[in-house]
Structure formats: C-alpha cells, structure tokens
Amino acid sequence: MVAAFMQYPFDLFRKEIIESLRPILDSLGYMDEIRLETPPSPEMGDLSFACFPLSKIVKKPPSDVAKDIANKVSPKEWIDHTDASGGYVNFFINVERLVSHTIDVILMQDKTYGSLEKKQKKVIVEHTSANPNGPLHVGRARNPILGDTLVRIYRYTGYDVESQFYVDDLGKQVAILAWGVKNIKPETLPKTDRDKPDHLLVRFYQQAYKLMSENKEVAKEINEIVKLCERGDEETIRMVRDAFEPALQGIKQSLAELDIHFDRFVPESQFVKDKSVDEVVEALKKTEYTGKEDGAWYIDLKPFGVSGRNTKFFFTRSDGTTLYATRDVAYHLWKAKHADILINVLGEDHKLEAKQVEIALKLIGAKTIPKAVFYSFVTLPGGKMSTRRGRVVYLDDLIDEAVARAFEEVKKRRGNELTEEKIKHIAKLVGLGSIRYNILKIQPEKDIVFKWEDALNFEGYSAPFIQYAHARASSILRKMPSPGKVDVKPLTHQQEIALVKLLARFPDVIKEACGNNRPNLIANYLYDLAAQFNQFYRDCPVIKAENKKLRDARLALVQATSITLRNGLYLLGISAPEEM
RNA sequence: GGGCGCGUGGCCUAGCUUGGAUGGGGCGCUGGCCUUCUAAGCCAGCAGUCGCGGGUUCGAAUCCCGCCGCGUCCGCCA
C-alpha cells in the first residue's frame, strides 16, 4: 500500500522557485503574489518570472532586473540553473531529478496518477435531465458527455460526487406523451427501424403533439393532465410515469453505451408531494421584491440586473399552482442539504431560468448556490434540431454510424490478422471514444454545427489518435514488460526529456480542468502527450535500444506514458485499447 | 428593443478568467517517410488584417467603449 501521497514534481519545483524568489523580491519592494508562467518553448526554460511590473518599482529596465535576479538565485534541489532573457527570469528544472521522480511517481501511483488528495466535500453534478419523451438527439448529447466527464474529473480531484438526473415528470412534454400512449392506436403510427422503447414512444409524442395543435379538445385534455400532476394527483402522476418510464429506460440504455450512468434519478413531483415547493412559495411571497398580478405571484428581477421585455419571474400561476422554476428552487434547496458544491450542466436556453433560480435561492437564504456549466447548441447545417418535426440525428444513430465506420477502419488495417470478434470490440471502443472526444475537445460555449465528417473524425485531433498512441505503448510492453523500478539516468534524449516533462504536467492539467469546469483542457493535453509519444516512438527504439540499461529505462518511460494516457482517457470516459 | 454567449488561414479549433518573449493544433491541399517496437503515425511546404473602429498600457487575440455578424433567452411553458 502506498502510504503517503507523493508530491508531484512540478509542485516541488514551483515551491522551490517561490521560496528562492520571495526574499529577493521582498528586498526589492515587490510584495505581490509571485506568479510563474510557462515559457513559449522548452529551450527557454521550464518556468519563468516576468520582471516588467518589478522594473517599474526599481526603475531599471526589465532585462537588467531579470539579470540581477537570475544571478541571485542559486541552484538547489530542483532548480538546475537560471537564465535571464527578454525581461524574464527563466528557471530550468533539474532534469535528472525530474525524470526519476516523475517516473517513480507514475509507476507507483499507477491508476491514481494525477488524482489529488481527498477533499472531504460532497459534490452533486446534475446533468442531462432531458424530457423523457423520446430518444436523445445529438443536439442534446453535449450535456451527458460534459456532465459525466465533470463527474469523473471531480472524483479524481478528490471530491465525493453524486450524479443526478432530474426527471421532469410534471411537464407538458410527458403529459403529451402520456395522452398519446393512452389515446393513439399503435398500428396507426409509422413503423420504426429501431426496436427500442424511446424510439417506439417518440411516435406517440409526435402524433399527439400534432393532434394537440389541430384539436382544442385534445389540448384541453392534455392541459388537464398537466394540472392534475402539478396538484400532486397520485394516480395521474403514476399514469404519466408509466407512459414515459420506457422512454427513460431507452435513454439510459443509450447513455450506458457511452459509459454514462447516474447515481440518482430525482423526479420533479417529489417536491410537490413533500410540500417543499409550497414552503418555497411562502418564503418567496415575503421578499421585498415580490409582487402579485391577477392572483399570480412574481419577483421583479430588474433590481438584480435582469433586463428585457419582461423581468418578472412568476413563481405561481393565478390558480396558485407552481411553475417549473419554482419546483427547481425546491430541488436545489434539497440538493444543498446533501452537498457542499452543486454543479449543473445546462443548455444555453436555460440561462435565464438558472438566473431566476439563483436569485430566488439567495432571497430565501440558501447557503449553497449552484454553479452552472452552460453549453451552446449542436445544430444541423440547416438549423436547429427538432424532435417534433423529426428533424434530428439521434444519438443512437450517431453511435451506430461511429461504430460501423470504426469497424471499416479497423478491418482495412488489421482485417487479415485479427478475428472478426476482436475487430468488433476495437471498433466499439474507437467509435464511442470518438463521439465523446469530438464533443469534449471543444469549449462548451462554442456552437457546434453537426457534420458527420467532424463527428466521425478518426485522425489528427481525435480520440483514435490518442488511443493509437496507447496501443503502440501497449504493444511494446506486451512484447517486453517494463522491469518496474529501474535506473532512469540513461534517459537523456531530447524526445525522452520532452515526454517526461509533459507527463509531469498531468496533475496540473487536472487541477485546472476541475477548477474551471473545463474538460477540454484534458482533451488538449492528451493530444499533446500522444503527439509527443509518437515522436519519441519514431526517434527512440525501445526493444532494440543500444543496451539493456537504456532499454529498461525506456520501457519504464513507455509504461509511465501508457499509464498517463490511460488515466487521462478514463477521465474523458474513453477507453484505452491495448490493441487497434 | 434589452440581456447573455460566440466571431482566430478554405473549413474546424487552442490561447482570452490571471495582458507579456516567434498566435499553437487539426482537417483539406502539395511533396517526402513503411526490410526496424502497429503509417489511425512521422517530416517538410502552402495558408493568418486574431470580425471592424477607437481607447487603456512600456506591451492587447487577451482589458475597456462603440459598431457589425451569428446563436440564445426575454411565456401565469418546460
């Protein structure tokens, strides 16, 4: 058992620099926090300190200040030497120490390399929360992929995490579906090519929606269902739930394909049944921003910086029933009781609603305010996706297509050496990995126009590129296992050093990705790491290294790389094939 | 009309929170590398007014103001 949590090399290096710099800077009258940056290229150093602000204080040119400081810093355990250029003090790490320490840590921690110490804090990540009225389409697929990745990242960073899917069982969408299931004869509906409950059910929804728009009677009946649900009528809620439950199962199935699972499904009706939403209403009625219009209660959001045509946030209807956002407030109060940090993954269309909930929570004195991660829509080249109009690409179709495409690719390359079964297995890992990666590599706030060629990208900046690097490493280790703890002094080739330096950065990347809710940083990093490994692979023969010492050292490095790639891919929910 | 987000080579994208040292990648295109650990790879080349205009600064893709374009929201819907 690994007793103590080993400290990561770059943390130690950074710490040493700051300790050396502090007294020097103090004596020059610079009291600010010391911020270190990474030079643009490794030849210039491993970390640097900019002297521009300091040059003002001491009234000397930055280059002179940098030179003075560089001369005063002496080599230590981690600082090998310093250098001044262009107004920067550049610090070079002790490479020999870095190499041995980094490889030691990685081989020792193995599956936990990059993870951080336990935080003793609970996080609830709410994501997906899609209306269970049909299959997930790719327009919404960003949500579960981002959400699940955040769950993984928070766990790895040391938090206790629970993932939640908020089931909107009181909404109009599910009421329409329930009406359809009850009133529409299945044989009148078009056939589906997919025998999966969500695909079968969405036809009822689409048809019921159509009838509702054409026929006032139908609309009335559907509204009646909604009303009964909102009042907490057990029988109606059960009827609706029975209607949508299979669709939810279908959604779960699709997500399971992508290795996405939830710890808890929370039905919206829970907060009507336990009356907690009524408590929210009572509390909101008492604020100084509260008003009433035709019997409906609202909060004026204008003083909170919300603007637009209408700034009133209605939290009851004139008949006293609550609205979606009101119940969402109750849900968040409940979550706050069970966690220290709340993360919500939401589409950009929910920005105002999230703001309403946040303001309401503050007004009634909630101590934990959720942090939202918004993502922009995935659209089709012709515009938005729409389940109603059938203008959609379903996630299931994307999955099938990705796996099929991957199958062709594997077959093309390895068809004559691998069994059909093995090809299928690899194709699945590659196809599914590509879907996740192609979403995760892009910042959430950027719009994505769905194009098959991008979604199924298998080369360059893609999952298979990284998986391939891992497979290459595995292939070497399969032929000749790493001897474990060895003397890594022979690792002096520039590709080896560059590779180790990247490996050592992994924990920083995770910390950064978690702190800012930005999984794309990990996606980026893994690409860089894989690319660097490919260069090492080209220049440094491992099995046929000149001598046994070098070979063993390189094997350890390959092992360390394979561990880091695998851990990183795991965080993104992508599998690391040993062969492809 | 107002709020929020986005705008980087033909296409996609990193960097923007915390301003600094030559703006990184990928796709596509052109040319080269498989008798050596899997070529889903590697190397070289072509390709950029960082939407436009102003400002702050020793220094702006990054901060501030204005404008333009795209997305999204402004329901007693969810």
Side-chain angles (χ1 to χ4, degrees), chain A residues 33 35 37 39-41 44 48 50-53 55-56 61-62 85-88 90 131 168 170-174 226 268 293-298 301 305-312 314-319 321-325 327-328 347-353 355 374 376-377 379 384 406 409-410 412-414 417 430 441-449 451 453-454 457-469 471-480 516 518 520-521 523-524 527-528 530-531 533-535 537-545 554 558 579-580:
Chain A
E33 186 197 348
R35 301 207 26 210
E37 39 194 295
S41 85
M44 302 169 85
S48 63
C51 298
F52 303 93
S55 86
K56 265 190 206 158
S85 76
Y88 289 86
N90 292 322
N131 283 314
D168 181 17
L170 301 182
K172 191 141 191 175
Q173 313 297 324
V174 284
V226 174
E268 193 179 339
E293 198 175 281
D294 302 327
W297 293 82
Y298 67 85
L301 263 27
V306 173
S307 58
R309 289 190 200 98
N310 179 6
T311 58
K312 288 172 182 152
F314 281 91
F315 59 90
T316 77
R317 294 198 182 86
S318 37
D319 65 1
T321 53
T322 58
L323 289 108
Y324 170 81
R327 289 170 233 131
D328 207 10
E348 61 176 334
D349 55 337
H350 272 64
K351 277 189 180 175
L352 180 60
E353 194 265 347
K355 186 90 187 160
F374 293 107
S376 295
F377 283 143
T379 57
K384 250 179 113 162
E409 294 292 325
V410 183
K412 196 168 80 193
R413 295 174 167 84
R414 313 285 308 277
E417 10 172 0
V430 168
K441 71 180 180 184
I442 295 176
Q443 289 193 39
E445 57 271 18
K446 295 241 190 197
D447 310 336
I448 297 181
V449 177
K451 296 191 192 95
E453 52 188 298
D454 295 338
N457 174 28
F458 284 173
E459 51 185 11
Y461 191 16
S462 71
F465 180 91
I466 300 162
Q467 292 174 313
Y468 186 67
R472 277 180 153 177
S474 303
S475 171
I476 292 172
L477 297 167
R478 198 164 43 240
K479 294 192 166 94
M480 189 167 286
N516 300 301
R518 291 181 50 196
N520 67 305
L521 295 180
N524 268 309
Y527 174 78
D528 290 342
F533 179 73
N534 282 333
Q535 290 176 47
Y537 185 90
R538 175 199 60 201
D539 293 343
C540 306
V542 179
I543 292 170
K544 289 180 183 162
R554 281 181 176 167
V558 171
E579 190 173 11
M580 61 187 276

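In what follows, chains carry the letters A, B, and so on, assigned in the order in which the sequence lines appear, proteins first and then strands, with residues in each chain numbered from 1. These values consider heavy atoms only, across backbone and side chains, with no hydrogens, waters or symmetry-generated copies.
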Quick one: [X] [atom1] to [N] [atom2], roughly how many Å, whole number?
X: A:Arg413; N: B:G41; atom1: CZ; atom2: C1'; answer: 10 Å
X: A:Lys355; N: B:C74; atom1: NZ; atom2: C1'; answer: 14 Å
X: A:Glu348; N: B:C74; atom1: CD; atom2: P; answer: 12 Å

Residue pair A:Ser376 / A:Lys446, side-chain heavy-atom distance below 4.5 Å: no
Anti versus syn assignment for B:C52, with syn defined as within 90° of 0: anti
Sugar-phosphate, base or nothing in reach of A:Met480, heavy atoms under 4.0 Å: nothing
5′-ward residue of the pair A:Asp349/A:Val226 relative to RNA chain B: A:Asp349
Earlier contact from the 5' end, RNA chain B, for A:Tyr468 and A:Ser318: A:Tyr468
Distance under 6.0 Å and angle within 45° of ring axis: A:Lys441 vs A:Tyr527: no
No-H, no-angle donor-acceptor pair, A:Ser41 side chain to B:A21 base, under 3.5 Å: no
Heavy-atom donor-acceptor pair, A:Asp294 side-chain to B:C76 base, under 3.5 Å: yes
A:Tyr461 versus A:Asn524, side-chain donor and acceptor atoms under 3.5 Å: yes
Please state whether the phosphate of [N], meaning OP1 or OP2, lies under 4.0 angstrom from any side-chain nitrogen or oxygen of [X].
X: A:Arg317; N: B:A78; result: yes
X: A:Arg472; N: B:A40; result: no
X: A:Gln535; N: B:C43; result: yes
X: A:Lys351; N: B:C74; result: no

Parallel, tilted or perpendicular: rings of A:Tyr324 and A:His350 (30°, 60°): perpendicular
Under 5.5 Å and under 30°: A:Tyr88 stacked on B:A21: yes
Aromatic-base stack, A:Phe377 on B:G71, cutoff 5.5 Å, angle under 30: no
